[in-house]
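Remember, it's 1-based here, ligands and their atoms both numbered in the order they're listed.
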Amino acid sequence: MPSRKFADGEVVRGRWPGSSLYYEVEVLSHDSNSQLYSVKYKDGTELELKESDIKEKFPLSQESSYIPTQYSLHPRREEVKLKEIDSKEEKIVTKGPTSLRTFEVTATQQKDLEFGGVPGVFLIMLGLPAFLFLLLLMCKQEEPSLLNFPPPLPALYDLWETRVFGAYLLWFFLQALFYLLPIGKVVEGTPLTDGRRLKYRLNGFYAFILTSVLVGASFFWDVELYYVYSHFLQCALAATVFSVVLSVYLYARALKAPRNELSPASSGNAVYDFFIGRELNPRIGTFDLKYFCELRPGLIGWVVINLVMLLAEMKLQGRTVPSLAMVLVNSFQLLYVVDALWNEEALLTTMDIIHDGFGFMLAFGDLVWVPFIYSFQAFYLVGHPTELSWPMASLIIALKLCGFVIFRCANSQKNAFRKNPTDPKLAHLKTIHTATGKNLLVSGWWGFVRHPNYLGDLIMALAWSLPCGFNHILPYFYVIYFTILLVHREARDERHCRKKYGLAWEKYCQRVPYRIFPYIY
Ligand code: NDP
């Protein structure tokens with residue numbers, strides 16, 4: 001019979017569900033069947049925890065050095081003040097329905113598989129690559145109407161070109177080399193379950209500059225960039241093969257990874273973990289594979305592909321200058337990528353880094369989906385010229401800027417608040433206190449809707465598609481897909497936040513009822 005490590009009444013540290021934070025808890029009982037401990041947090045919350053989520057309390061001598069680096073269930077001084085204001089302001093809300101507490105307890109007891117569980121992720125893994133190629137083939141047709149589905153399919157061996165695969169490897173390892181350059185600030189990520197913080201070098205923007213210099217130099221060296229357009233499907237296949245090989249490697253190495261390095265999203269099921277990623281932060285030495293793939297080869301690759309499409313448009317349509325539509329698509333997306341690289345540090349608090357492991361989902365998403373699907377409007381414009389009037393272009397530019405302002409301000413506001421909750425520049429914002437010690441913004445952008453950054457991102461996505469005109473729905477695929485992605489992502493994030501913050505999250509939802517679109521959703 002397996003023995004229990006902690007006795008009833010013992011005071012230990014228990015992990016707060018869905019987070020990497022540990023608080024003082026008292027062990028109430030132990031269930032020998034489920035091997036779960038019932039524990040009581042200092043705020044009275046009772047939960048069931050696995051043994052791996054419980055740690056011994058530090059001896060007194062170490063306790064003092066432990067406390068300042070961890071969040072405490074006891075509010076800090078400025079939080080006591082906030083809590084007082086909060087409770088005066090929101091007496092009705094804090095009472096809350098008792099059913100919420102029940103939810104808090106039950107939700108932590110089972111491992112929810114997302115994306116439709118094992119069958120869902122299996123279908124996604126087979127379906128997404130097939131869908132990508134169908135979409136690109138549809139777009140290559142002269143008349144890319146949905147009525148012309150399915151497009152003529154090429155022979156599989158026509159899609160494979162070893163030279164292209166070699167070029168892809170060169171691109172990937174060149175970006176890896178840029179990542180390794182000792183330039184750029186080194187910062188710490190969010191605390192892991194064991195309290196450690198990994199170090200990350202912020203040099204994505206420098207990598208972009210170096211890549212731009214190389215692309216510029218390639219004009220002088222007469223490198224035929226048109227080759228990427230004429231072998232676009234072969235490039236997509238090379239990237240797909242690489243992402244699959246990478247996923248296999250990631251899964252294989254994760255089998256040997258210690259438990260505390262596994263992602264909170266992993267389940268123990270091989271198919272599901274291959275997809276969602278088993279290991280949270282796979283590293284070779286200091287080289288962080290997930291962090292590197294998130295912003296470099298795919299995102300910078302997307303900008304290079306857009307440029308290739310612009311040159312291909314000029315070549316194939318006999319233009320001396322690119323079309324206004326192509327210039328808009330290129331500039332809008334360039335701004336998006338440069339902004340992401342400039343604000344690289346913000347990546348460290350995203351769901352991708354702190355929650356999801358590194359598996360097929362992110363490997364395929366970062367290395368294939370982003371560069372080959374996000375460049376879809378530019379790819380479309382090469383074969384389907386669209387003339388745009390200046391008044392229309394002005395409206396689209398205004399829409400893009402509006403989306404960008406919402407996206408950037410919302411993200412910056414949250415990042416600044418997470419970095420320094422007492423930042424005087426944010427003193428005017430209202431907050432809700434949570435039991436984890438972290439507060440939630442409830443005014444400003446985050447009081448407008450619960451995911452203002454998604455709203456801005458979606459407005460920008462629409463502005464990227466509009467320059468392609470209204471002849472076909474195909475260039476609008478991106479905005480449709482992105483709406484589905486962000487609505488689903490929002491639901492995932494809500495689930496995580498509800499687990500993390502319990503009643504405080506419910507309170508936030510009551511104060512800010514709309515998720516993404518004000519008065520709609
Ligand atoms: P967010 O940046 O929206 O982060 C969500 C987290 O923010 C929550 O888990 C919570 O974490 C914190 N949070 C939520 N509400 C509040 C609040 N009121 N006050 C303070 N903190 C709050 O999530 P993503 O990682 O999904 O997105 C990051 C950006 O990337 C977005 O702009 C999104 O549009 C973009 N994106 C783009 C994609 C693309 O393909 N182009 C794909 C996915 C995302 P905690 O409390 O733990 O800090």
Give the ring-plane orientation class for [X] versus [Y], where under 30° counts as parallel, over 60° as perpendicular and anything between as tilted.
X: F517; Y: Y521; value: tilted
X: Y336; Y: W464; value: perpendicular
X: F470; Y: Y476; value: parallel
X: Y478; Y: Y481; value: tilted
X: F115; Y: H488; value: tilted
X: F376; Y: F379; value: tilted
X: Y374; Y: F482; value: perpendicular

Hey, looking at atom 20 (C) of ligand 1, which of R418, M351, R495, R511 has the closest heavy atom?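 Among R418, M351, R495, R511, the closest heavy atom to atom 20 (C) of ligand 1 comes from R418.
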
From V512, L486, D457 - option closest to atom 34 (O) of ligand 1 by heavy atom: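 That would be D457.
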
Does [X] reach ligand 1 with a nitrogen or oxygen that is under 3.5 Å from one of the ligand's nitrogen or oxygen atoms?
X: N411; result: yes
X: K414; result: yes
X: T349; result: no
X: T350; result: no
X: Y478; result: no
X: L441; result: yes

Here's one to test your reading of the geometry: is the NZ or CZ of K140 within 45 degrees of the ring axis of Y229 and under 6.0 Å from its centre?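 The answer is yes; both the distance and angle limits are met.
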
Tell me the closest heavy-atom pair linking A363 and F358, and the distance in Å.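 For A363 and F358, the tightest heavy-atom pair comes out as N-CE1, 3.6 Å.
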
Quick one: nearest non-hydrogen protein atom to [atom], plus distance?
atom: atom 23 (O) of ligand 1; value: Y454 OH, 3.6 Å
atom: atom 46 (O) of ligand 1; value: Y501 OH, 2.3 Å
atom: atom 41 (N) of ligand 1; value: Y336 OH, 2.9 Å
atom: atom 40 (O) of ligand 1; value: Y374 OH, 2.5 Å
atom: atom 44 (C) of ligand 1; value: R489 NE, 3.6 Å
atom: atom 9 (O) of ligand 1; value: D493 OD1, 2.6 Å
atom: atom 1 (P) of ligand 1; value: N453 ND2, 3.5 Å
atom: atom 39 (C) of ligand 1; value: F482 CE1, 3.4 Å

Quick one: which ligand 1 atoms are inside 4.0 Å of a heavy atom on [X]?
X: Y508; result: 18 (N)
X: H451; result: 3 (O)
X: W446; result: 3 (O), 15 (N), 16 (C), 18 (N)
X: C497; result: 8 (C), 9 (O), 10 (C)

Mind checking whether K500 has a heavy atom under 4.0 Å from ligand 1? yes

Return a yes/no value: protein heavy atom under 4.0 Å from atom 30 (O) of ligand 1? no

Show your reasoning for whether side chain to side chain donor-acceptor pair (under 3.5 Å) applies to N420 and T422. CA-CA 5 Å; N420 177 14; T422 55; 2.8 Å; yes

In this structure, CZ of R296 is separated from CD of E344 (nearest 0.5 Å) by 4.5 Å

How far does CG of L280 sit from CD of E261, to the nearest 0.5 angstrom? 9.0 Å

Residue pair D339 / N343, side-chain donor-acceptor N/O under 3.5 Å: yes

